[in-house]
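Read the structure below first, then the notes.
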Amino acid sequence: MSIASKYDASQVEDKWYRYWMEHNFFHSTPDNREPYTIVIPPPNVTGVLHMGHMLNNTIQDVLIRRARLLGKNACWVPGTDHASIATEAKVVAKLADQGIKKSDLTREEFLKHAYEWKDEYGGVILEQLKKLGASCDWDRTAFTMDPHMNESVIKTFVDLYNKGLIYRGYRMVNWDPEAKTTLSDEEVIHIEKQGLLYYINYKIEGSEDTLTIATTRPETIFGDTAICINPNDERFTHLKGKKAIVPISGRVIPIIEDDYVDVEFGTGCLKVTPAHDENDKVLGDKHNLEVIDIFNEDASLNSFGLHYEGQDRFECRKNIKTELEESGVLIKTENHINKVGTSERTKAVIEPRLSDQWFLKMEDLVKPAITSVLETGDVKLFPKKFENTYRHWMENIRDWNISRQLWWGQQIPAYYFGDGKEDFVVAETIEDAVTLSRKRTGNETLTAADLRQDEDALDTWFSSWLWPMSVFDGVRNPENEEFKYYYPTNDLVTGPDILFFWVARMIIAGYEYTDKRPFENVYLTGLVRDKQRRKMSKSLGNSPDALKLIEAYGADGVRVGLLLSSAAGNDLMFDEDLCNQGKGFVNKIWNAFRLIKGWDVSDTIKQPESSKKGLEWYNARFQQTLIEIEDHFSKYRISDALMATYKLIWDDFCSWLLEIAKPAYQQPMDRTTYNAIIEALENNLRILHPFAPFATEEIWQTIADRTPEEALIINRWPEQGVVNAQIIADFDYASQVVSGIRTIRKSKNIAFKDQIELHVVSNENASSDFDTIIAKLGNVSEIAFAKAPLEGALSFRVKSNEYFIPLAGAIDVEAEVAKIEEELKYTKGFLMSVSKKLSNERFVNNAPENVVSIERQKMADAEAKIEALEKRLSSLK
RNA sequence: GCGUCAUUAACUCAGUUGGUUCAGAGUGUUACCUUGACAGGGUAGAAGUCACUGGUUCGAAUCCAGUAUGACGCACCA
């Protein structure tokens, strides 16, 4: 059989993915094994796969595949969320292309379009995950607006309302004029923007005097209902009790006093616009000011804006500047940097706006979520540094605005039976609402037709915070078998950017509804950045096309590349070279397999000693690495686990073991060694499988014909044995001897095919177990023991052992002397520092015993080496 | 403004209770090596004042304080 010298992922990956799917290996049903569960952070239906998804889904797949190999019942639940704002915007835009306005549609008609859109595009990202190799249980694919998920959300809302935790309030909220909806505080991103500070004169009523205010938003003067000064500000005592006249509108407003005003800032006179500023609203409430809302829902001016009616706020700002200038009341403008709230989704500048919204009281709900993460460790964050951020948010939490003025999402189950603000009931179904309304009103003739459901939908996160429960139907049926089996889930892998949006809220919901954590460990990945350290994002266009990367490097290559340099929680500077390295690694093990497969095997020859010893050593190294990997995984140091695997396979297996075992050209190999090498390769495939699932399965299945039950994906993780540390140390010593030989060959241009002799003056009592290996790898005809240094030979030393390679002629005594003198100098310096340490009484008395004895050993080693070097030197002179 | 985290080789990063020849890895780079697994390879080498300044200690990349730079989070004064 001929095997390609280059591994071609494109020929392999789809084949095995199909095979795994056909045999249902990703599917999980409850049984008596220990469950291991992950729920995917549901990507939103408008999304396409980007680097962040690639990273965190690769990590999840590594964890799931490893759990599967460890014999656990691994269940990875995939799905998507409905992303109300983003999706509604897409659907509105698509309809606009077809000449349809949302306002011309009924809610039902709009939702029909939205579902059509979702059915067409909503699954794209999940299909892309398959290319990456994600072994999700696709039969369980969930969507936050599936009927049973909707029911769970509504049930939760009603329950929280009945507990008195949800209330309706008239508040200043964050209004996104583009999406025409409110946002929660978490959805607002503050960005520094260069703006202007406008200084504007207001006339004082009944006098020719003026006062000057400073504002960043001159267009809001139409909403001014007071001027506020600090009562202690002596500059303005003459203004007390007077009234001011707003420019343009000519409205007369009171001058009020409040020490909220900062004397230092601006002019010391503050215009108060209660409808359009949170702090002004507070002032307004305190001083009983009128509230004038000057904006429409798209942030254009309404009739209070007079001749600016209909203009956008920013357009108006420009125009009003001109008018104020012309009328001479605009004194000056200054550059001013201020932080402006923008919408996370639409990037629109947020407009503070007063309106009726639904809120969830957070104060008591967060308590178990604080205790579990910060005190009991019931839920653990990796890396730990996020605990501080978490604490800060949790301890300063504000009530959550959960209503959105959108149609795409779960409609709020509040039903109005009258025009009063309090004339509503909250119920899971319209039937219940009717019953409740009859009770409230005493009107027994009331029917569903008399009720009007609240127009608003719920925040998408109000669905996804239930995710770990609702995907197993645990909200509606907490006693169902699956929920009891899979919940609490084990690990959650996500980006730190949704720590509050999602992770914290899931923890809150988990404890509120099950009294249990929703998951045990939260692994927060870093952000993927480009080489200029910019965050990769769709809007910057600096994210490489995920599928093209997979095409170019193979899914395995991309997975390995991404993981190699992504320590937990640290940002990842993405560079395509990493994928290339991943691809190179896959190719390396492929070629190792090719080499092994190409050997002729003979049953009649005996196993060479070198192979036997080499295998003993490799097995010890393998066991040692297994422990290391285990330790890395336990700390979520995925990249370290991969690097340990990488080095084991590349350095120990390929560079050492295969070179040791390799038979001479066109010679066969003994059966014992061959079988052992295959076994070692299979073990390597087992531990590499989570990182590079496709290539490992391909090699696994090519090694031998396997039944589906024997597929690698459902095979077993190698068993942990005892590590023989001595053999590893002895081999390490031998490898230094090999390295010494190579260095000399290199420096003297002795070709490898030319055999050499090696003479040893043994001072070290080193093990001779690996002499056959030294002979083979150094192409040494004979290892001879000598009592004294050899004349006319090149030399090197390992510890205090001296090695000589006789070389006819061409020995440069002077160079040899210089080399030895340098080694001597270094070793003496080293000895000095060690003996200085040991002669320090306080060190010997205070340092732990083992540290002192290590230092003693170092001193003895150095002394022995110096002695050998000096002997050698005198023999040369 | 407050807080958190970072700063180690040309690049990306490890360094896990302060103590091995502890100053590391991978990539890159330099020199040499291609009939026989792999040039996506091999062998050997070079490369760092562990940001800076002090302190604690027998001993500091590691602990403490301050400074600088950067990232992130939170709150903001119009």
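Everything numeric here is computed off the predicted structure, so don't read it as measured data. By convention in this document, chain letters (A, B, ...) are assigned in the order of the sequence lines, proteins followed by strands, and residues within each chain are numbered from 1.
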Could you check whether [X] pairs with [Y] (Lys NZ or Arg NE/NH1/NH2 to Asp/Glu carboxylate O, under 4.0 Å)?
X         : Y         : result
Glu186(A) : Arg505(A) : yes
Asp631(A) : Lys635(A) : yes
Lys380(A) : Glu387(A) : no
Asp652(A) : Lys647(A) : no

Which base, if any, makes a Watson-Crick or G-U wobble pair with [N], both distances under 3.5 Å?
N      : result
U12(B) : A25(B)
C74(B) : G1(B)
U57(B) : none
G48(B) : none
G41(B) : C33(B)
A68(B) : U7(B)

Just the rounded figure in Å: distance from [atom2] of [N] to [atom1] of [X].
X         : N      : atom1 : atom2 : result
Lys588(A) : A37(B) : NZ    : C1'   : 8 Å
Arg856(A) : G19(B) : CZ    : P     : 20 Å
Lys748(A) : C33(B) : NZ    : C1'   : 18 Å
Asp224(A) : A78(B) : CG    : C1'   : 11 Å
Glu659(A) : G42(B) : CD    : P     : 9 Å
Arg391(A) : C5(B)  : CZ    : C1'   : 16 Å
Arg594(A) : G40(B) : CZ    : C1'   : 13 Å
Asp732(A) : U20(B) : CG    : P     : 17 Å

Could you check Lys332(A) against Glu334(A) for salt bridge (charged side-chain N to carboxylate O under 4.0 Å, His left out), going step by step and ending with a plain yes or no? CA-CA 7 Å; Lys332(A) 62 169 178 177; Glu334(A) 273 175 6; 3.2 Å; yes
How is [X] classified with respect to the nucleic acid when contacts are heavy atoms under 4.0 Å: base, sugar-phosphate, or nothing?
X         : value
Trp599(A) : nothing
Asn840(A) : sugar-phosphate
Thr273(A) : nothing
Tyr826(A) : base
Asn388(A) : sugar-phosphate

Nearest of [options] to any side-chain atom of [X]?
X         : options                : answer
His336(A) : A78(B), A25(B), C58(B) : A78(B)
Thr216(A) : U16(B), U27(B), A78(B) : A78(B)
Phe265(A) : A25(B), A78(B), C5(B)  : A78(B)
Pro848(A) : G19(B), A44(B), G40(B) : G19(B)
Asn591(A) : A37(B), A25(B), U27(B) : A37(B)
Ser655(A) : G40(B), G42(B), A37(B) : G42(B)

[X] side chain near [N] phosphate (N/O to OP1/OP2, under 4.0 Å):
X         : N      : value
Lys837(A) : C58(B) : no
Trp650(A) : U27(B) : no
Thr743(A) : U43(B) : no

[M] and [N], which share atom name [atom1], separated by this distance in whole Å:
N      : M      : atom1 : result
U49(B) : U8(B)  : C1'   : 11 Å
C72(B) : G18(B) : C1'   : 29 Å
A65(B) : A60(B) : C1'   : 15 Å
G28(B) : A9(B)  : C1'   : 11 Å
C50(B) : A61(B) : C1'   : 5 Å
C74(B) : C64(B) : P     : 26 Å
A47(B) : A10(B) : P     : 11 Å
U62(B) : A23(B) : P     : 14 Å

What verdict does the side chain to side chain donor-acceptor pair (under 3.5 Å) test give for Asn801(A) and Tyr803(A), after you've listed the backbone C-alpha separation in whole Å, the side-chain angles of each residue and the deciding distance to 0.1 Å? CA-CA 7 Å; Asn801(A) 265 13; Tyr803(A) 294 85; 3.2 Å; yes
Say whether Asp224(A) and Tyr202(A), considering side chains only, have a donor N or O and an acceptor N or O under 3.5 Å apart.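 Yes, Tyr202(A) and Asp224(A) have a side-chain donor paired with an acceptor closer than 3.5 Å.
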Looking at Trp656(A), does the NZ or CZ of Arg742(A) lie under 6.0 angstrom from its six-membered ring centre and within 45 degrees of the ring axis?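 Output yes; distance and angle both within limits.
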Side chain to side chain donor-acceptor pair (under 3.5 Å), that's the test. Do Arg842(A) and Asn845(A) meet it? Break it down for me. CA-CA 5 Å; Arg842(A) 284 190 289 183; Asn845(A) 294 337; over 6 Å; no
Base A78(B) to side chain Glu278(A), donor-acceptor N/O within 3.5 Å cut-off: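 Not at all, since no donor on one side and acceptor on the other fall under 3.5 Å apart.
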With hydrogens left out and only the distance checked, is there a donor-acceptor pair under 3.5 Å joining Lys746(A)'s side chain and the base of A31(B)? yes
Let me spell it out: for each of Gly584(A) and Cys654(A), pick the nucleotide of RNA chain B with the closest heavy atom. Which residue's pick is nearer the 5' end?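 Counting from the 5' end, the first nearest nucleotide belongs to Cys654(A).
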Where each residue is assigned the nucleotide of RNA chain B containing its nearest heavy atom, which of Tyr7(A) and Val738(A) is assigned the position nearer the 5′ end? Tyr7(A)
Residue that, paired with Thr220(A), satisfies side chain to side chain donor-acceptor pair (under 3.5 Å) out of His276(A), Arg313(A), Arg317(A), Lys271(A): Lys271(A)
Are the aromatic rings of Phe382(A) and Tyr523(A) close, with centres under 6.0 Å apart? no
Using a cut-off of under 3.5 Å, enumerate the N/O to N/O pairs linking the protein to nucleotides 70-76 of chain B.
| from | atom 1 | to | atom 2 | distance (Å) |
| --- | --- | --- | --- | --- |
| A75(B) | N6 | Lys339(A) | NZ | 3.2 |

